[in-house]
Amino acid sequence: MDKSNQQLGAATLKVVTYRTGRFLYFLLGMSFMLIIWHVASLSTDGELPGPIQTFSVFYDLVSHPFYDNGPNDKGIGNQLLSSLERVTKGFIIGSVIAIPLGLIMGSSTLGMNLLNPMVQVLRPVSPLAWFPIGLVAFQSAQTSTVFVIIITSLWPTLINTAFGVSTIPQDHKNVAKAFGFSTFKYITKVLLPFTLPHIITGLRLSVGIAWMVIVAAEMLSGGVGIGFFVWDSWNALSLEKVFSAILIIGLVGFVLDKTFKSLQTRYSYDS
């Protein structure tokens, strides 16, 4: 019993030490960023606002995030929620398209030969190049923004899903055949469990791209959103608000990435 308690205590201490170390590294990295930011502000004679000026405006923005004084005067919380809503829609639709196509590409030579050229041609296209296509197709700037997110965020999930399926060991397939697995049982017991970590990796990359694309797309579409807020703040010559929005965008992206990273760890095939 004492030995078990000692082992548990050692394991707990190891976890606490690891997390403390990670947190200290995080603080060190953030401090380094603030120093660079402060030096850049000094080098431009204050034309670029420094951390102190920015954090004052940042505090004002987050203190009253949900006010609504009209179409062009909404709180940062409203702007953020609008962007997250578009990203969520685009990301989900893109994933629903990407995962089945990835399964087909990875499990079928014919599917790979047919779909891979299309993927390789369309994947490098700039997100903003799709915006006019969306406007013509949907006659709506907001729907076009979602369309841009769909078309640009699905590629990492599709490619990682296809890779995961194509790398299933032959031994796994042989065992499934030996036990007479049906197609459904093979998919649920072999294909999906092995491929799931790759799918989640693709989803993690895709949500990062979706969150990155939304800013540029909303600059073009206007209306409400964090990207529009950045552009509107620039037009109002409020660089403090621009930097504040950049911080918020970065923090939200950090949370999204950590969320999918935890899922990636949870569903790792090795665990």
Side-chain angles (χ1 to χ4, degrees), residues 19 21-44 47-66 74-91 94 126-128 145-146 148-149 152-153 156-157 200-221 223-265:
R19 291 181 177 177
R22 291 291 298 270
F23 181 68
L24 290 175
Y25 276 122
F26 175 80
L27 291 179
L28 185 62
M30 290 298 100
S31 300
F32 186 60
M33 183 189 74
L34 291 176
I35 291 170
I36 295 175
W37 183 1
H38 181 66
V39 171
S41 176
L42 292 177
S43 67
T44 60
E47 291 186 16
L48 285 177
I52 296 176
Q53 304 97 304
T54 299
F55 285 140
S56 175
V57 174
F58 180 87
Y59 178 78
D60 290 338
L61 290 174
V62 299
S63 296
H64 307 284
F66 295 108
K74 296 181 184 294
I76 193 69
N78 292 324
Q79 309 279 8
L80 188 60
L81 289 177
S82 295
S83 296
L84 285 171
E85 179 183 358
R86 296 187 189 104
V87 166
T88 301
K89 288 179 180 178
F91 173 70
S126 169
L128 298 185
T145 301
V146 176
V148 170
I149 294 169
T152 54
S153 68
T157 301
I200 295 176
T201 298
L203 293 174
R204 181 182 177 187
L205 295 171
S206 290
V207 77
I209 290 175
W211 186 239
M212 208 165 37
V213 167
I214 188 66
V215 177
E218 287 178 344
M219 285 183 178
L220 292 178
S221 66
V224 181
I226 196 70
F228 172 74
F229 179 83
V230 171
W231 188 246
D232 191 52
S233 298
W234 161 250
N235 288 331
L237 301 178
S238 178
L239 289 179
E240 291 85 359
K241 285 187 176 181
V242 172
F243 274 111
S244 297
I246 289 172
L247 288 173
I248 292 171
I249 291 166
L251 289 172
V252 172
F254 178 77
V255 171
L256 290 174
D257 184 73
K258 285 295 182 184
T259 300
F260 278 89
K261 184 179 180 181
S262 65
L263 288 174
Q264 191 177 8
T265 303

So does [Y] get a backbone contact from the side chain of [X], meaning a donor-acceptor N/O pair under 3.5 Å?
X: T152; Y: P127; answer: no
X: S153; Y: V207; answer: no
X: W37; Y: P49; answer: yes
X: T265; Y: K261; answer: yes
X: S244; Y: E240; answer: yes
X: S206; Y: L203; answer: no
X: S56; Y: Q53; answer: no

Would F32 and I36 count as a side chain to side chain contact (heavy atoms under 4.5 Å, CB included) if you check the C-alpha gap in whole Å, the side-chain angles of each, and the deciding distance to 0.1 Å?
CA-CA 6 Å; F32 186 60; I36 295 175; 3.5 Å; yes
For a quick test of reading the model, state the closest non-hydrogen atom pair linking [X] to [Y] and the distance between them.
X: Q79; Y: G225; value: OE1-N, 2.8 Å
X: I149; Y: R86; value: CD1-O, 3.8 Å
X: P65; Y: V62; value: CD-O, 3.5 Å
X: T259; Y: S262; value: O-OG, 2.6 Å
X: G227; Y: M219; value: O-CG, 3.5 Å

Kindly compute the distance separating [atom1] ([X]) from [atom2] ([Y]), expressed to the nearest 0.5 Å.
X: L251; Y: L256; atom1: CG; atom2: CG; value: 11.0 Å
X: T201; Y: L263; atom1: OG1; atom2: CG; value: 10.5 Å
X: I214; Y: I226; atom1: CD1; atom2: CD1; value: 10.5 Å
X: I35; Y: M33; atom1: CD1; atom2: CE; value: 11.0 Å

Kindly assign one of parallel, tilted or perpendicular to the pair F91 and F260, based on the angle between their ring planes and the thresholds 30° and 60°.
perpendicular
Which label fits F58 and F55: parallel for a plane angle under 30°, tilted from 30 to 60°, or perpendicular past 60°?
perpendicular
L27 CG: over 12 foreign heavy atoms closer than 6.0 Å
yes
NZ of K74: more than 12 outside heavy atoms within 6.0 angstrom?
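Yes, because the 6.0 Å sphere around NZ of K74 holds more than 12 heavy atoms from other groups.
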Side chain to side chain contact (heavy atoms under 4.5 Å, CB included) assessment of F66 paired with I76:
CA-CA 7 Å; F66 295 108; I76 193 69; over 6 Å; no
Run the side chain to side chain contact (heavy atoms under 4.5 Å, CB included) check on L84 and W211 step by step: do they pass?
CA-CA 8 Å; L84 285 171; W211 186 239; 3.7 Å; yes
Assess whether side chain to side chain contact (heavy atoms under 4.5 Å, CB included) is satisfied between I248 and F229, documenting all intermediate values.
CA-CA 11 Å; I248 292 171; F229 179 83; over 6 Å; no
The criterion is salt bridge (charged side-chain N to carboxylate O under 4.0 Å, His left out); which residues satisfy it with D257, sequence neighbours excluded?
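R204.
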Do the side-chain N and O atoms of T145 and E218 include a donor-acceptor pair separated by under 3.5 angstrom?
no
